[in-house]
Amino acid sequence: SSSSSSASTSTLRASGTEEGSDGTTTTADIDPSVYVDTLLEIHRTYGDMVERAFQNDAQFIAALDKGCRFLVNHNSVNKDKNRSAELLAKYSDVLLRGANKEYRNEDALEKRLSLVVLLFKYLDDKDVFQTFYSKFLARRLINKTSYSEDCERSMLSGLKEACGFDFIAKLQKMFNDVQNSRDLNQSFQDSLVSNQTSLPGDFSIMVLTHGMWPLTIPENGFNVPGVLLPFMQVFGSFYDTQHQGRKITWLFHLSQADVRTNYLSRKFEFTVTNYQMAVLFLFNDSSKLSLKSIMDATGLKPGELKRVLYSLLLTKLLRKNPPSRNFQLTDQLALNPGFKHARTKLNVARTMERSSTRETQVQDAQTHQQSQEYRKIVLQAAIVRIMKARKTLEHSNVIQETIQQTRKLFNPSVALIKKCIEYLIEKGYLERVSDASHSYRYLA
């Protein structure tokens with residue numbers, strides 16, 4: 001009967017919530033894989049029950065969705081901030097980098113990504129997921145660490161199906177930039193041949209559209225090593241002939257180079273960042289350098305330089321005297337003449353990607369802050385669209401329609417919407433109607 005069906009679905013919702021509270025933890029450094037696997041296992045358990053016991057009855061499927069949505073957004077880990085969105089994005093990054101050995105088969109990876117999209121659909125804070133996912137995708141594309149481009153595009157298709165094209169527009173543009181850069185590199189190589197121009201090494205480049213990638217230009221200065229200048233000058237001239245009026249901003253902190261050793265009995269090839277390369281090349285002219293002289297020569301700020309030096313000390317390419325973890329301007333650094341390794345090709349650049357727990361927490365906090373700032377922009381744009389169409393509208397209706405327009409991305413608080421209205425009034429987009437204090441008028 002209908003009454004027994006209602007009672008059963010209520011029990012299912014309660015059980016799902018209780019299981020979620022018991023099955024998650026509140027640790028700040030929770031493993032994304034453990035967290036997402038727990039959510040998926042709960043969904044699988046109750047999904048199987050709905051299928052076996054209730055033959056996928058529509059009311060029970062709806063109850064399962066409602067319970068899972070509550071579980072994903074209101075469990076103990078996600079209580080105070082948007083942790084579910086963050087952890088789901090981090091889990092996606094683990095999968096798409098091929099870091100999880102269990103899903104290194106493309107078919108298995110595709111199936112797992114489809115389950116990630118399933119959980120994504122339950123998220124209230126899809127914009128937070130988008131911010132984190134965009135950051136991780138950029139890192140994978142730039143560092144060429146994607147396990148499968150087909151799986152990357154499959155994931156985008158799933159997100160597009162869930163939220164529409166606007167949600168993935170920037171992500172898609174990032175992929176387009178990668179493909180366009182491949183074509184551009186081929187054209188550049190062809191131009192070198194036709195112009196009979198030679199460079200002192202191989203060179204490839206990625207041209208990234210400004211505003212489409214979640215990247216910032218570092219504030220610290222950088223004295224470009226002389227060896228890079230011919231590449232920059234020749235490519236700059238070529239690019240000007242292809243795209244007049246465009247300006248290139250070089251992102252040296254994201255660039256890498258392959259360098260070979262000539263000072264060891266065995267030849268090695270290292271993949272290093274431009275910052276690491278700039279430091280290593282200084283030892284072509286000096287056997288020993290002080291920290292201050294390296295700082296002056298590279299132009300890097302102390303904090304960034306210490307990260308670079310620490311990575312080179314960690315891989316034992318450099319030696320420091322005195323051999324302590326602390327850095328002083330008078331410390332002496334030199335190449336390690338006794339460097340040894342089983343492999344002749346090493347990716348030293350990866351040591352720069354490793355972050356301490358504290359650094360990771362700071363970066364995550366910054367990403368959450370970016371999401372909050374983005375929310376303000378989304379809300380302001382929604383309010384302007386509403387008021388432009390309606391001209392005059394009561395306060396309660398503005399709140400209601402704004403929530404309606406933005407709820408697919410996140411659930412905005414009334415307090416934040418009010419702040420956005422006040423901001424738009426201050427900037428001259430809206431005004432209060434004088435004879436109706438709870439109404440607003442759009443100003444063209």
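What you see is a predicted model, and the numbers here were worked out from it, not measured in a lab.
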- Item | Gap between atom CD1 of Ile377 and atom CG of Asp127 - 0.5 Å precision | 11.5 Å
- Message: Counting neighbours of CD on Gln400 that are heavy atoms of other residues, nucleotides or ligands and sit closer than 6.0 Å, is the number greater than 12?
- Response: no
- Item | Phe283 atom CZ: more than 12 heavy-atom contacts under 6.0 Å | yes
- Query: Would you say the side-chain atoms of Tyr310 and Thr351 include a donor-acceptor pair closer than 3.5 Å?
  - Reply: no
- Applying side chain to side chain contact (heavy atoms under 4.5 Å, CB included), name anything that partners Pro302, two or more places apart in sequence or on another chain. Met295
- Task: For the residue pair Asn75 and Tyr35, confirm or rule out a side-chain donor-acceptor distance under 3.5 Å.
- Result: yes
- Query: For the ring pair Phe339 and Phe268, is the centre-to-centre distance below 6.0 Å?
  - Reply: yes
- Message: The test is side-chain hydrogen bond (donor to acceptor under 3.5 Å, both in side chains); show your working for Asp177 and Thr209 and say whether it passes.
- Response: CA-CA 7 Å; Asp177 282 349; Thr209 304; 2.9 Å; yes
- Parallel, tilted or perpendicular: which fits the ring planes of Phe203 and Phe231, with parallel below 30° and perpendicular above 60°? parallel
- Item | Salt bridge Lys301-Glu304, side-chain N to carboxylate O under 4.0 Å | no
- Message: Any non-hydrogen side-chain atom of Val193 less than 4.5 Å from a side-chain atom of Gln189?
- Response: no
- Message: Using ring centroids (six-membered ring only for Trp), state whether Phe132 and His368 fall under 6.0 Å.
- Response: yes
- Task: Could you tell me which residues satisfy ring pair (Phe, Tyr, Trp, His ring centres under 6.0 Å) with Phe120, sequence neighbours excluded, listed by chain and number?
- Result: Phe129, Phe167
- Check ion pair Lys418-Glu422 (N to O, under 4.0 angstrom): no
- Assess whether side chain to side chain contact (heavy atoms under 4.5 Å, CB included) is satisfied between Ile421 and Ile399, documenting all intermediate values. CA-CA 9 Å; Ile421 292 173; Ile399 297 291; 4.3 Å; yes
- Contact check, side chains of Ile30 and Arg83, non-hydrogen atoms, under 4.5 Å: yes
- Query: Is Lys111 paired with Asp107 through a side-chain N to carboxylate O contact shorter than 4.0 Å?
  - Reply: no
- Is it the case that more than 12 heavy atoms not belonging to Arg260 sit under 6.0 Å from its CZ atom? no
- Message: Check whether Tyr46 forms a cation-pi arrangement with Arg52 (NZ or CZ under 6.0 Å from the six-membered ring centre, at most 45° off the ring normal).
- Response: no
- Nearest 0.5 Å, what's the OG-CG distance between Ser84 and Leu71? 8.0 Å
- With rounding to the nearest 0.5 Å, note down the distance linking CG in Asp124 to CG in Leu409. 11.5 Å
- Would you check, one step at a time, whether the test side-chain hydrogen bond (donor to acceptor under 3.5 Å, both in side chains) holds for Gln186 with Asp190? CA-CA 6 Å; Gln186 185 59 54; Asp190 293 342; 3.1 Å; yes
- Message: Would you say that more than 12 heavy atoms from the other residues, nucleotides or ligands in this model lie under 6.0 Å from the CD of Gln244, or not?
- Response: no
- Query: When you check the side-chain N and O atoms of Glu373 and Gln369, is any donor under 3.5 Å from an acceptor?
  - Reply: yes
- Rounded to the nearest 0.5 Å, how far does CZ of Phe235 lie from CG of Leu192? 10.5 Å
- Supply the atom-to-atom distance Arg97 CZ to Ser92 OG, rounded to the nearest 0.5 angstrom. 11.0 Å
- Item | Distance-only side-chain donor-acceptor flag, Ser371 / Thr131, under 3.5 Å | yes
- Message: If the threshold is 4.0 Å, N to carboxylate O, is there a salt bridge linking Lys408 and Asp166?
- Response: no
- Does the side chain of Val272 reach to within under 4.5 Å of the side chain of Gln256, using non-hydrogen atoms? no
- So Phe252 and Trp250, would you call those rings parallel, tilted or perpendicular, with 30° and 60° as cut-offs? parallel
- Item | Worked check of salt bridge (charged side-chain N to carboxylate O under 4.0 Å, His left out) between Lys90 and Asp364 | CA-CA 11 Å; Lys90 288 182 175 179; Asp364 289 346; 2.6 Å; yes
- Message: Hydrogens and angles aside, do Lys135 and Thr367 bring a side-chain donor and acceptor to less than 3.5 Å of each other?
- Response: yes
- Item | Lys121 NZ: over 12 foreign heavy atoms closer than 6.0 Å | yes
- Pair Arg112 + Asp37, salt bridge at N-O below 4.0 Å: yes
- Task: Walk me through it: do Val207 and Asn180 pass the test side chain to side chain contact (heavy atoms under 4.5 Å, CB included)?
- Result: CA-CA 8 Å; Val207 178; Asn180 292 339; over 6 Å; no
- Item | Partner set under ring pair (Phe, Tyr, Trp, His ring centres under 6.0 Å) for His243, not counting sequence neighbours | Tyr239
- Please say whether more than 12 non-hydrogen atoms of neighbouring residues, nucleotides or ligands are located less than 6.0 Å from CZ in Arg350. no
- Message: Between Asn185 and Ser204, is there a side-chain donor-acceptor contact under 3.5 Å, judged purely by atom types and distance?
- Response: no
- Quick one: do the Asp258 and Thr271 side chains pair a donor with an acceptor below 3.5 Å? yes
- Once you round to the nearest 0.5 Å, how far does OG1 of Thr298 lie from CG of Leu309? 8.0 Å
- Task: Over all heavy atoms of both residues, which pair between Ala349 and Gln276 is shortest? Give the atoms and the distance, please.
- Result: CA-OE1, 3.5 Å
- Query: Are Arg69 and Asp65 close enough for a salt bridge, meaning some N to O gap below 4.0 Å?
  - Reply: no
- Message: Salt bridge or not between Arg375 and Asp125? Use side-chain N to carboxylate O under 4.0 Å.
- Response: yes
